[in-house]
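Any value given below was found using the heavy atoms of this structure, including those in side chains, with hydrogens, waters and symmetry copies removed. Whatever order the structure lists them in is the order used to number ligands and atoms, beginning at 1. Counting begins at 1 with the first residue of the sequence. Bear in mind that the values here come from a model prediction, so they are computed numbers and not experimental data.
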Amino acid sequence: MTATHPTRRGDGFAAADSPDTLGGAVRAFFRYPSPLILAAALLAALAYRLHLGALGAGDALAVTAPWLVWPLLEWTLHRYVLHLRPFTLLGLRVDLDFARKHRAHHREPWIPELIFLPPYLHLVAIPTLAALAFALLPTPGPAASVLTGLFSVALLYEWTHYIVHTRIQPRSRMARRIFRNHRMHHFRNENYWYSFTVPPIDRALGTGPDHGSVPRSETCRTLGVDDADHP
Ligand SMILES: [Zn+2]
Ligand SMILES: [Zn+2]
């Protein structure tokens, strides 16, 4: 996939034609399937919840819960699933599709299509999670609220990961930290800085040391797997 090219700044992180304004980034973001699917799911869950009637304290709790869990969830999935190397099980080579796609993203970080979650994941996960929420929670209200919280934080994750791979320059201190954390993960050492949205999680879990104290890794691009042998 070579539709876009490394940035003119030569860091290979963002495409030279990627947005450099917030408005441009929003317009570009919603051209990709994953954000569109998540936004549709979010609007559907929110509309259904509002249709059910007045909101209460239970809804606030249900919306907030996924937001509280997400930072740890994304760190865990990034570290243990997306970076999982192929392994052999009962004589068969197992290479998870998520991990393969993430290696492609590390190899060519400037290609936007490789930044986003695969749409097929949403087509399986969204109905499954919706069925679980309505089955496990006592009434439809909290179920719709928890799904609203989940789809909104998933969309925020997609947005954050997308925007750090554009030419936008972060302004706030928090945004600068988020951008730097992910850049370090791509270019300094892929064994650190797993958080996409909440860098202090890396500090807390021992994967967010001072940048200068971590040696440069030779395998940031490949994650130590020679995909040329198994295209
Ligand atoms: Zn990335
Ligand atoms: Zn990674």
Side-chain angles (χ1 to χ4, degrees), residues 1-7 9-20 25 28-29 31-35 38 70-87 95-119 121 153-170 174-203 205-209 211 214-227:
M1 244 188 269
T2 51
T4 50
H5 309 283
T7 171
R9 286 179 288 151
D11 60 10
F13 198 65
D17 58 357
S18 69
D20 59 0
F29 180 66
R31 284 192 205 117
Y32 295 98
S34 172
L38 282 172
W70 186 273
L72 190 57
L73 185 68
E74 69 169 19
W75 183 94
T76 305
L77 292 176
H78 189 183
R79 178 165 187 179
Y80 294 109
V81 179
L82 299 185
H83 280 238
L84 185 67
R85 293 182 182 198
F87 58 94
D95 186 7
L96 296 183
D97 186 61
F98 299 117
R100 207 167 43 239
K101 284 192 165 62
H102 192 65
R103 289 201 298 277
H105 171 56
H106 271 266
R107 252 193 335 270
E108 299 180 295
W110 58 88
I111 295 181
E113 286 81 359
L114 299 176
I115 296 170
F116 296 107
L117 294 168
L121 170 69
V153 75
L155 193 59
L156 179 78
Y157 150 79
E158 287 283 61
W159 168 250
T160 308
H161 192 199
Y162 172 67
I163 202 170
V164 300
H165 283 284
T166 66
R167 290 179 298 150
I168 284 178
Q169 298 298 315
M174 192 176 113
R176 280 201 300 274
R177 192 163 172 194
I178 289 171
F179 273 59
R180 195 170 57 243
N181 211 60
H182 195 56
R183 191 172 279 263
M184 289 291 125
H185 175 72
H186 271 282
F187 290 146
R188 186 161 190 104
N189 195 313
E190 76 278 18
N191 300 307
Y192 296 89
W193 305 296
Y194 290 103
S195 174
F196 293 94
T197 56
V198 186
I201 284 281
D202 277 310
R203 273 269 182 220
L205 297 176
T207 52
H211 302 143
V214 173
R216 276 189 191 281
S217 165
E218 296 293 316
T219 51
C220 279
R221 282 281 162 96
T222 63
L223 306 189
V225 179
D226 187 356
D227 280 307

H165 side chain vs P109 backbone, donor-acceptor pair below 3.5 Å: yes
Under 2.8 Å from the Zn ion (ligand 1), the protein N, O or S atoms, given as residue and atom: H105 NE2, H161 NE2, H165 NE2, H182 NE2, H186 NE2
Salt bridge (charged side-chain N to carboxylate O under 4.0 Å, His left out) involving R107 - partner list, sequence neighbours excluded: D227
Test log, rule side chain to side chain contact (heavy atoms under 4.5 Å, CB included), inputs V164 and N181: CA-CA 10 Å; V164 300; N181 211 60; over 6 Å; no
Donor-acceptor pair, side chain of R167 and main chain of A14, under 3.5 angstrom: no
Angle, NE2 of H83 through the Zn ion (ligand 2) to NE2 of H78 - 10° precision: 90°
Ring geometry between F116 and F29 (parallel below 30°, tilted from 30 to 60°, perpendicular above 60°): tilted
Atom of L117, atom of S34 and distance for their closest heavy-atom approach: O-CB, 3.4 Å
